[in-house]
Amino acid sequence: MVFAAPQEALAGARRVLAGRPTPLHASVAHQVIGIWQRDFGDLRLALRHLRRARDFAARAGSAEREADVLATLGVALVHAGRTRQGMDALGRGVERGTGHTRARVLFRRAYSWWVLGHHREALEDVRRAIPVLRQAGDVIWTARALTLRATVHLALGAVDRADADFTAAEALWGTTGQEHDKADAVESRGLAAFRAGDVPAALRLLDEAEERYAKLGTPTFMLSIRRCEVLMAAGLAAEALAEADAAIKVLDGIGGQSTRKAELLLAAARAARLAGDPHTATARAGLAVRLFARQHRAWWEAHARLVLTEARHAAGRRSGRLVAAAAAVAEQLTALGAPAAPEAFLLAGRIALDLGRAAEAERHLAVAARSRRGGPPLARMTGWAAQALRARAAGSARGVLEACRRGLDVLDDHRMTLGASELRARATAQGAELAALAQQACLVSGGPRRLLVWSERWRATALSAPPTRPPADPALLSGMTAYREIAARAEEARQEGRPVPALEREQRRLEREIRSRTLHMRGEAAGDGDRFDVGTLLRHLGDDITLVELAVPAGRVQVLVCGRGRVRRFEAGLLAAAETEAEHVQAGLRRLAHPGAAARLPLVEAAGRRLEELLLGPAAKHLGSGPVVIVPPGRLHRVPWALLPSLRDRVLSVSPSASSWLRAKRTAPPPGGRQVLVRGPGLATGGAEVPELSDRYGAATVLEHEGATVPRVLAELDGAALAHIAAHGAFRADGPMFSSLRMADGPLIVHDFERLDRSPYRIILSCCDTARFATVGADELLGLVTALLPLGTAGVVACSAPVNDAAVVPLMLALHKGLGAGLSLAEALRDARAALPGDAVHQATGWAFTAFGAA
């Protein structure tokens, strides 16, 4: 019962002890309490009860009872970090037990070997146990043994064997009432799905296991460790770090297992390193190394030493000692049969290259490169990264580009198994090094066309295919409805000055639920299959349009000017300096949105001149006289491009990539030319442009006041030719997929837009912060605009800063006047800016709006 119904088992054991039991029964009761405390409570109390159980078993004169208790005590001692004592107790249990009991003891010793990282010993013990358990008809323990064997196979990379054992175990669990073990089986299937490369299935199964554990009221430390691993592979390292740290805090609070704490520290260290926090990674990994060493867990200690060495390298340390440390870990991992060995060889080779030790680097990189031929996607990418570094060291630009191409192809295949646009975007971080190596190789040897191709190869790739549509899941739909209601109530309470902590907690809970369900979606689209072609781009640009793509290899802006049949490269300033200047400009625009700040206008204009020098440099004189399309890197998405002097009076649009611009250019408007005008609540002007636009368009659908609800707005937007939404916009840096437009019944979020079959061909968002994005992955953006572009929208007008609501109205009316005259969004926005009054507020408002796409 202790795993089927933990609380009932604990209560029953206490009742037995309260009733003057025999030594035999007292032994059983103390063992049950010991198991409960070992797995769900205080390990110190567990050891106390298990020692009493052992003593009572001896008094009862039952060798079988004593063997069983010794096995449980041994596992507890191992989890407490007393490895030698624990394995001694398990050995005595094997000697004391016979037949069926001995098989159960062998299973527990196999489990302990697995905890310690001794996989061959674990497989030997479980191999001896399973036939005896089967012969005895012991379904529960046979299923446990099969689950354990599968888990060991996974650790050794034998995914097919693991899958067979998990399937057999699950069939057995279906015949029992062991709810905790059933939850553990679901968790194990999640781990198997992850090892097979199916991240969405892994997340779904781990979430299901957590729900099952929650019903039993049991802690889930092993689950947290496994989910951290999956989150890191999905590019969600910061979330993995938060989960690991939270679990460590809970574990410390109950005096839980030392072994689990060490594993959680290792997960936290890995997550911190991937999240770009090498100092936290070093601290967590150092503590994990000490704990694993104390617990005599060589397998785990080697993995912790790998992360510690990686963190020190990421913190800027370079030395022969660090190369030796990485090489020693690599050899140890190889001897242990650990799949992480190539990663350690890659690290040793990388550090050796940094130190100029070419021959030593080649030895390590050659070993790491072998993993490119097989295994999970991320392991193959490790191999291709090693091969690219080998080629660079040998001076072969062609070899670098070939290795980078093959590695990024592996990543593309992996990304397209992910249905959620957020996961696709974040997963690109795995290819950042390969893309950077390729760009640097192009810069050293290769013309501007090749650099353009490689700049496109890793830019805005998450937008190359529409995300998988969220399923018609009743739980997801009801969750999104509840989220809107709670968010609307919270906003209303804030406006009235009432505290909202309870509503905010419920809103965060619903956000987690919605996000969790969307991350479970598996990819359906195989991508458009089109490779970017420079010739095709130049044909579509013709002799009139100039496309300017900014590449940033090694931190300096390279300006690629495309048009009139050729691609030219110019060198501009440092990316870091441009980012700093862009933040100053944004601060200035925020101030200019309020009357009385006109004195800051010259300062903002001066900052615009400095930005032009940093971002365009000498290329500013080679833009021609026609329309200009800017393709910036993700880190420059906050730049108000219309503020730059050479672009101020231009027909100007922005695109996440040249490929994205080409797709927008080829997108045909939907038949019918349907227009939709939406007016949300709470605007200072009341959305004053909407009534005038309604008169202008005549047959347009107008949704306003209580009629502007999220379901109605989505229904009308689907397949529209033109949509204009006047509503408060809110950008969520902490959760970009929950960036929103405020409707009558609550927020319209990015997840809602992704439910559209086809988003509007043109959409105008006359609201603050609608063109703000979160930069994630290698060079990806998440936000409202980027959600629309893969769904059929060819052109968007949106705003990158807070603006003055009153000044927006004349800008929007002038913009629609241009559209009515047959102009594109970029042309109409240029003319609308020119038609505004010349005061600071109106000038800043015009600069804050940007046209995206090609419609």
Side-chain angles (χ1 to χ4, degrees), residues 237 269-270 272-283 285-286 289 302-334 340-372 378-379 381-404 407-408 429-445 454 458 552-556 574-576 778:
R270 283 176 171 151
R273 182 182 62 78
L274 291 173
D277 185 355
H279 301 296
T280 298
T282 300
V289 166
H303 285 81
R305 288 193 183 280
L306 171 59
V307 178
L308 180 61
T309 309
E310 288 174 330
R312 287 172 172 166
H313 179 248
R317 291 179 60 175
R318 309 282 189 275
S319 68
R321 183 177 296 178
L322 205 62
V323 178
V329 169
E331 296 293 349
Q332 187 178 8
L333 289 169
T334 301
E343 187 181 337
F345 279 113
L346 173 60
L347 177 63
R350 185 180 281 123
I351 303 169
L353 279 180
D354 291 343
L355 297 172
R357 300 180 177 184
E360 187 177 5
E362 169 59 21
R363 279 200 313 275
H364 298 312
L365 293 173
V367 178
R370 294 173 194 160
S371 67
R372 70 191 187 277
L378 299 184
M381 287 185 63
T382 295
W384 286 115
Q387 187 68 10
L389 289 173
R390 292 178 74 196
R392 188 176 71 170
S396 171
R398 182 177 179 180
V400 171
L401 296 177
E402 174 63 13
C404 292
L408 289 174
Q430 307 286 353
E433 181 186 20
L434 288 170
L437 284 170
Q439 285 191 317
Q440 289 164 17
C442 291
L443 203 57
V444 172
S445 79
W454 277 98
W458 73 316
V552 196
R556 183 171 287 279
L574 295 174
L575 175 64

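Residue numbers count from 1 along this sequence. Because the structure is a prediction, the values reported are computed rather than measured.
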Report yes if some heavy atom in the side chain of [X] is under 4.5 Å from a heavy atom in the side chain of [Y]; otherwise report no.
X	Y	result
Leu333	Arg305	no
Arg270	His303	yes
Arg312	Arg321	no
Glu343	Leu347	no
Cys442	Leu401	yes
Leu365	Leu353	yes

Nearest-0.5 Å distance that lies between atom [atom1] in [X] and atom [atom2] in [Y]:
X	Y	atom1	atom2	result
Thr282	Arg317	OG1	CZ	8.0 Å
Gln387	Thr382	CD	OG1	13.0 Å
Trp454	Leu408	CH2	CG	5.5 Å
Ile351	Leu322	CD1	CG	4.0 Å
Glu331	His364	CD	NE2	8.0 Å

(Q) When you measure from the side chain of Ser371 to the backbone of Ala379, do you find a donor-acceptor pair of N or O atoms at a distance under 3.5 Å? (A) yes
Q: Starting from the C-alpha separation in whole Å, work towards a yes-or-no answer on side-chain contact (heavy atoms from CB on, under 4.5 Å) for Gln439 and Leu437.
A: CA-CA 6 Å; Gln439 285 191 317; Leu437 284 170; over 6 Å; no
Looking at [X] and [Y], what are the two nearest heavy atoms and their distance?
X	Y	answer
Ala237	Ala275	CB-N, 3.8 Å
Ala388	Cys404	CB-SG, 4.0 Å
Ala281	Ala311	CB-CB, 3.7 Å
Ala386	Ala369	CB-N, 3.7 Å
Glu433	Ala385	OE1-CB, 4.0 Å
Ala391	Val400	CB-N, 3.4 Å

Identify all side-chain donor-acceptor contacts of residues 354-362 below 3.5 Å with residues at least two apart in sequence or on another chain.
{"unit_1": "Asp354", "atom_1": "OD2", "unit_2": "His313", "atom_2": "NE2", "d": "3.0"}
{"unit_1": "Asp354", "atom_1": "OD2", "unit_2": "Arg318", "atom_2": "NE", "d": "2.9"}
{"unit_1": "Arg357", "atom_1": "NH1", "unit_2": "Glu360", "atom_2": "OE1", "d": "3.3"}
{"unit_1": "Glu362", "atom_1": "OE1", "unit_2": "Arg390", "atom_2": "NE", "d": "3.2"}
{"unit_1": "Glu362", "atom_1": "OE2", "unit_2": "Arg390", "atom_2": "NE", "d": "3.1"}
{"unit_1": "Glu362", "atom_1": "OE2", "unit_2": "Arg390", "atom_2": "NH2", "d": "2.6"}

